[in-house]
Amino acid sequence: MATSAFSRLPGFRDFAPEDFALRSHIFDAWRQTSRRYGFLEYDGPPLELLDLYVEKSGEEIVGQLYNFVDKGDRPVALRPEMTPSLARILGDRSRGMAKPIRWFSIPQLFRYERQQRGRLREHFQLNVDIVGEASVHADAEVVAVGIDALRALGLTSADFYARVSDRRLLSVVLGACGVDETRLPAAFAVVDKLERQPRDKSHERLMAEAGLDADAANGALDLFEAKGLAAVTQRFGHRDDVGPALEPLHEYVKALEAMGLGDYVEVDLGIVRGLAYYTGIVFELFDRKGELRAICGGGRYDRLLELVGGEPLPAVGFGMGDVVLGELLRDRGLVPEYKRDLDYYIVVVSEEQRPQALSIAHRLREGGARVAYSLGEQSVGKQMKAAQKEGAREVLVIGPDEVARGCVRSRDMTTGEERDIAVDAL
RNA sequence: GUGGGUGUAGCUCAGUUGGUUAGAGCGCCGGAUUGUGGUUCCGGAGGUCGGCGGUUCAAUUCCGCUCAUCCACCCCA
């Protein structure tokens with residue numbers, strides 16, 4: 001493979017028109033869906049102070065950031081996610097804003113990691129957030145946007161589904177299983193890994209890291225493998241701590257069912273999500289075949305705004321990346337065929353007619369039409385070929401005869417039909 | 001960051017058990033067709049066989065390193 005002296009940085013993409021078409025297709029669906037729910041679009045700078053990320057995720061995340069010291073000696077980083085920026089932006093102005101705040105954004109995000117399928121060093125992510133509303137209906141609304149954004153791209157419940165959990169419920173269930181409060185973070189980490197490691201390994205870790213005995217660990221694993229809320233309700237529903245903690249998820253699922261999105265939702269307490277700032281219901285969208293990484297992930301983060309120095313406001317949101325989504329659309333044959341599209345191609349028979357051709361082209365363009373013509377001197381046959389390649393729907397031929405008669409010869413490129421059109425009628 | 005697979009034309013891939021000028025299809029450019037596209041036919045351009053080094057009379061082929069890419073791990077925004 002011939003490599004130019006300036007190769008593309010690993011994990012970064014070029015978007016030639018064919019690639020850009022898919023990107024636009026995805027962005028259009030994201031924007032239209034978000035707006036249908038009343039969300040407003042915003043953006044922030046791609047470069048932020050490093051501390052914004054260290055603050056909420058801890059020092060260790062720095063290893064995955066594109067960070068450097070700028071010329072003003074400020075430690076800065078390319079944004080790896082949007083939520084901290086959102087929290088910062090709102091921190092400055094949320095006090096004066098009507099609640100709930102419904103905002104969305106499509107930022108390009110960066111992370112310095114080894115790339116793999118569905119995971120690059122740069123991607124675009126739809127971020128949808130509701131700030132200032134603690135009701136579970138905000139949680140339901142947000143996940144509904146995520147589901148509908150995918151439906152807008154032609155995906156159905158046969159292609160993907162949401163797995164939802166609630167960290168508060170998970171905490172009390174683990175407590176009921178016998179996990180000591182101080183061991184909860186460790187237990188969360190084991191639960192997060194449940195699907196990616198064999199059961200006996202999880203069992204071992206629950207004992208070693210979460211402090212459970214063999215029976216308790218088995219009981220907990222049975223509970224998580226059962227999915228759904230039934231097993232938890234049956235076993236712990238009567239308890240004062242677990243019983244009430246089941247309510248939010250029940251209401252959440254009921255709301256989504258009322259929207260007609262019940263087929264898309266499955267309760268699965270094994271969904272934890274890595275980020276430390278989530279405080280309540282969390283969810284991830286996966287392809288049904290389980291071939292790809294999570295398409296989307298989010299949840300409630302009621303303390304983040306305060307943490308970043310803003311007004312204490314409850315919040316819920318998600319991020320949906322364009323990379324995994326693009327893979328899924330490709331796999332399901334849902335990428336629209338790329339085709340060039342032009343309203344008119346003007347064929348100039350000889351150079352004497354070029355001024356008339358330019359005049360017509362300009363008039364048509366002012367009317368909003370997409371118009372092109374050969375920029376060099378070429379045979380009519382060549383120009384026809386070019387018109388075909390550029391996807392022209394109609395060709396306007398202008399030669400000495402046409403000029404003499406004050407018309408152009410129009411050819412419909414689909415039917416091949418030709419007719420004269422008076423120049424004034426264009 | 002760790003381990004493994006892969007790397008031949010713009011794209012998808014043949015091929016070379018180490019031996020003169022490395023091939024196909026698609027795409028691109030030109031011609032048949034100097035006032036009419038799609039089809040067809042003919043022709044052409046395009047490759048330091050990812051890079052560097054080693055072994056050899058000879059390396060695209062074997063070896064080492066490196067880079068890129070893919071998979072698993074790690075991590076997950």
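Chain letters run A, B, ... following the sequence lines, proteins first, then strands; residues in each count from 1. The analysis underlying the following values was restricted to heavy atoms, covering all of them including side chains, and did not include hydrogens, waters or symmetry mates.
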*Asks:* Determine the contact category for A:G321: base if any of its heavy atoms lies under 4.0 Å from a base atom, sugar-phosphate if only primed atoms, P, OP1 or OP2 are that close, otherwise nothing.
*Replies:*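 Since no nucleic acid heavy atom lies under 4.0 Å of A:G321, the category is nothing.
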*Asks:* Hey, can you tell me if A:Y264 and A:F160 have their rings parallel, tilted or perpendicular (30° and 60° cut-offs)?
*Replies:*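 Tilted, since the angle between the ring planes falls between 30° and 60°.
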*Asks:* With A:V164 as reference, evaluate A:L269, A:D268, A:L249 under the side-chain contact (heavy atoms from CB on, under 4.5 Å) test and give the passing residue.
*Replies:*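 Single pass found, and it is A:L249.
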*Asks:* Touch check for A:R411, heavy atoms < 4.0 angstrom, all strands: base, sugar-phosphate only, or nothing?
*Replies:*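 The answer is base, as A:R411 lies within the cut-off (heavy atoms under 4.0 Å) of a base atom.
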*Asks:* Which nucleotide in the list B:G35, B:A77, B:U69 gets nearest to the side chain of A:P80?
*Replies:*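 Among B:G35, B:A77, B:U69, the one nearest the side chain of A:P80 is B:A77.
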*Asks:* Measure CG/A:L9 against C1'/B:U69 and give the value in whole Å, please.
*Replies:*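 Going from A:L9 (CG) to B:U69 (C1'), I get 15 Å.
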*Asks:* Quick test of your reading of the model: are A:R300 and A:D302 salt-bridged, counting only N-O distances below 4.0 Å?
*Replies:*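 So A:R300 pairs with A:D302 through a salt bridge.
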*Asks:* What about A:R114, does its side chain sit under 3.5 Å from the base of B:U2 through a donor-acceptor pair?
*Replies:*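 Indeed there is one.
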*Asks:* Could you check A:D192 against A:L120 and say which one's nearest nucleotide on RNA chain B is further toward the 5' end?
*Replies:*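 Checking each residue's closest nucleotide, the 5'-ward one belongs to A:L120.
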*Asks:* Is the phosphate of B:A77 approached by A:Q64 (side-chain N or O, under 4.0 Å from OP1 or OP2)?
*Replies:*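 Indeed not, no polar side-chain atom of A:Q64 lies that close.
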*Asks:* Is the cationic atom of A:R23 (NZ for Lys, CZ for Arg) positioned less than 6.0 Å from the six-membered ring centroid of A:F15 and within 45 degrees of its normal?
*Replies:*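 The answer is yes; both the distance and angle limits are met.
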*Asks:* Measure distances between side-chain N and O atoms of A:E418 and base N and O atoms of B:U36, and say whether any donor-acceptor pair falls under 3.5 Å.
*Replies:*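 Yes.
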*Asks:* Between B:G37 atom P and A:L342 atom CG, what is the distance in whole Å?
*Replies:*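 That distance rounds to 18 Å.
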*Asks:* For RNA chain B, which residues of residues 323-340 of chain A approach it to below 4.0 angstrom with any heavy atom?
*Replies:*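 Residues of residues 323-340 of chain A that come under 4.0 Å of RNA chain B do not exist, since none gets that close.
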*Asks:* Using the closest heavy atom to pick a nucleotide of RNA chain B for each, name whichever of A:K385 or A:V380 lands nearer the 5' end.
*Replies:*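 Final value for this comparison: A:V380.
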*Asks:* Is there, by distance only and without an angle test, a donor paired with an acceptor across the side chain of A:E402 and the base of B:G35 below 3.5 Å?
*Replies:*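 When only heavy-atom distances are counted, A:E402 does reach the base of B:G35 through a donor-acceptor pair under 3.5 Å.
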*Asks:* Stem finding on RNA chain B, please: runs of three or more consecutive Watson-Crick or G-U wobble pairs, both distances under 3.5 Å, sorted by first number.
*Replies:*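 The stems are B:1-7 with B:67-73, B:10-13 with B:23-26, B:28-32 with B:40-44, B:50-54 with B:62-66.
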*Asks:* Which part of the nucleic acid, if any, lies within reach of A:G11 when heavy atoms closer than 4.0 Å are counted: base, sugar-phosphate only, or nothing?
*Replies:*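 Since only primed, P, OP1 and OP2 atoms lie under 4.0 Å of A:G11, the category is sugar-phosphate.
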*Asks:* Considering only the C1' atoms, how many Å lie between B:A45 and B:G27, rounded to the nearest integer?
*Replies:*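 Result for the C1' pair: 13 Å, nearest Å.
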*Asks:* Around atom OH of A:Y112, are there more than 12 heavy atoms from other residues, nucleotides or ligands closer than 6.0 Å?
*Replies:*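 No - once you tally the heavy atoms of other residues, nucleotides and ligands closer than 6.0 Å, there are 12 at most.
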*Asks:* So, is A:Q115 close to the B:U69 phosphate, meaning a side-chain N or O under 4.0 Å from OP1 or OP2?
*Replies:*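 Looking at the OP1 and OP2 atoms of B:U69, one of them is under 4.0 Å from a side-chain N or O of A:Q115.
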*Asks:* Should we say atom CD of A:E351 is surrounded by more than 12 heavy atoms from elsewhere, each under 6.0 Å from it?
*Replies:*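 Yes.
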*Asks:* Which whole-number value in Å describes the distance from A:Y278 OH to B:C76 P?
*Replies:*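 Distance check: A:Y278 OH to B:C76 P gives 12 Å.
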*Asks:* Could you measure between the two C1' atoms, the one in B:C63 and the one in B:G1, and give it in whole Å?
*Replies:*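 To the nearest whole Å, 27 Å.
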*Asks:* To the nearest angstrom, how far is A:R119 atom CZ from B:C70 atom C1'?
*Replies:*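 Rounding to the nearest Å, CZ of A:R119 and C1' of B:C70 are 13 Å apart.
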*Asks:* If we take the P atom in both B:G43 and B:C26, what is their distance in whole Å?
*Replies:*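 One P to the other, the span is 14 Å.
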*Asks:* Which listed nucleotide (B:G37, B:G35, B:A77) is nearest to the side chain of A:V349?
*Replies:*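 Closest of the options to the side chain of A:V349: B:G35.
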*Asks:* Hey, is A:R13 close enough to A:D19 for a salt bridge, meaning N to O under 4.0 Å?
*Replies:*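 No.
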*Asks:* Determine yes or no for a side-chain-to-main-chain donor-acceptor pair under 3.5 angstrom, with A:E251 supplying the side chain and A:P248 the backbone.
*Replies:*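 Not at all, since once roles are kept as given, no pair shorter than 3.5 Å links the two residues.
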*Asks:* Nearest whole Å is fine: how far is B:G27 C1' from A:K389 NZ?
*Replies:*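 That distance rounds to 9 Å.
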*Asks:* Taking CG from A:D19 and C1' from B:G10, how many angstroms apart are they, rounded to a whole number?
*Replies:*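 These atoms are roughly 13 Å apart.
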*Asks:* Measuring only the C1' atom in each nucleotide, how far is B:G23 from B:A9? A whole number of Å is fine.
*Replies:*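 Between the two C1' atoms, the distance is 10 Å.
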*Asks:* Whole-Å distance between B:U36 P and A:M384 CE?
*Replies:*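 The distance from CE of A:M384 to P of B:U36 comes to 9 Å, rounded to the nearest Å.
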*Asks:* Starting at CZ of A:R121 and ending at P of B:C70, how long is that distance when rounded to a whole Å?
*Replies:*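 My rounded result for the distance is 11 Å.
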*Asks:* Of the non-hydrogen atoms in A:L221 and A:S202, which two are nearest, and what is the gap between them?
*Replies:*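 Looking at all heavy atoms of both residues, the closest pair is CD2-CB, 4.0 Å.
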*Asks:* How far, in whole Å, is B:U60 from B:U20 if one measures between their C1' atoms?
*Replies:*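 Pairwise C1' distance, B:U20 against B:U60, rounds to 15 Å.
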*Asks:* Tell me, yes or no, whether the heavy-atom count around A:R36 atom CZ, taken from other residues, nucleotides or ligands under 6.0 Å, exceeds 12.
*Replies:*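 Yes.
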*Asks:* Could you work out the separation of B:U61 and B:U48 based on their P atoms and round it to a whole Å?
*Replies:*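 Those two atoms are separated by 15 Å.
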*Asks:* Considering only side-chain heavy atoms of A:Q116, which listed nucleotide, B:C75, B:C71, B:G38, is closest?
*Replies:*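 Out of B:C75, B:C71, B:G38, the nucleotide with an atom closest to A:Q116's side chain is B:C71.
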*Asks:* Establish, with yes or no, whether the OP1 or OP2 oxygen of B:C29 is under 4.0 angstrom from a side-chain nitrogen or oxygen of A:K382.
*Replies:*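 Answer no for this pair, as no side-chain N or O of A:K382 is under 4.0 Å from OP1 or OP2.
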*Asks:* Just say parallel, tilted or perpendicular for the rings of A:Y301 and A:Y278, cut-offs at 30° and 60°.
*Replies:*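 Taking A:Y278 first and then A:Y301, their aromatic rings stand perpendicular (interplane angle over 60°).
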*Asks:* What integer number of Å spans the C1' atoms of B:C49 and B:A22?
*Replies:*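 It comes out at 8 Å once rounded to the nearest Å.
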*Asks:* Suppose you measure atom P in B:G50 against the same atom in B:G15; what distance do you get, rounded to whole Å?
*Replies:*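 So the two P atoms sit 15 Å from each other.
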*Asks:* A:V397 has a side chain; which of B:C75, B:U69, B:U36 sits nearest to it?
*Replies:*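 Of the candidates, B:U36 comes closest.
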*Asks:* Rounded to the nearest 0.5 Å, what's the gap from CD on A:E181 to CG on A:L174? Could you check?
*Replies:*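 Nearest 0.5 Å value for the CD-CG distance: 11.5 Å.
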*Asks:* State which of B:G35, B:A77, B:G37 makes the closest approach to the side chain of A:M413.
*Replies:*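 From the listed options, B:G37 comes nearest.
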*Asks:* For a quick check, tell me whether the side chain of A:R409 and the base of B:G35 share a donor-acceptor pair closer than 3.5 Å.
*Replies:*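 For A:R409, whose side chain was compared with the base of B:G35, there is no donor-acceptor pair (under 3.5 Å).
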*Asks:* Taking only the side-chain nitrogens and oxygens of A:R8, find out if one of them lies under 4.0 Å from OP1 or OP2 of B:A68.
*Replies:*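 No, outside the criterion.
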*Asks:* Report which part of the nucleic acid A:Y112 touches: base, sugar-phosphate, or nothing (heavy-atom distance under 4.0 Å, all strands).
*Replies:*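 Here A:Y112 touches no strand at all.
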*Asks:* Please confirm whether the backbone N or O of A:E41 pairs with a side-chain atom of A:R31, one donor and one acceptor, at under 3.5 Å?
*Replies:*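 Checking the backbone N and O of A:E41 against the side chain of A:R31, no donor-acceptor pair under 3.5 Å is found.
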*Asks:* Nearest of B:G38, B:A68, B:C74 to any side-chain atom of A:P10?
*Replies:*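 Between B:G38, B:A68, B:C74, the one nearest the side chain of A:P10 would be B:A68.
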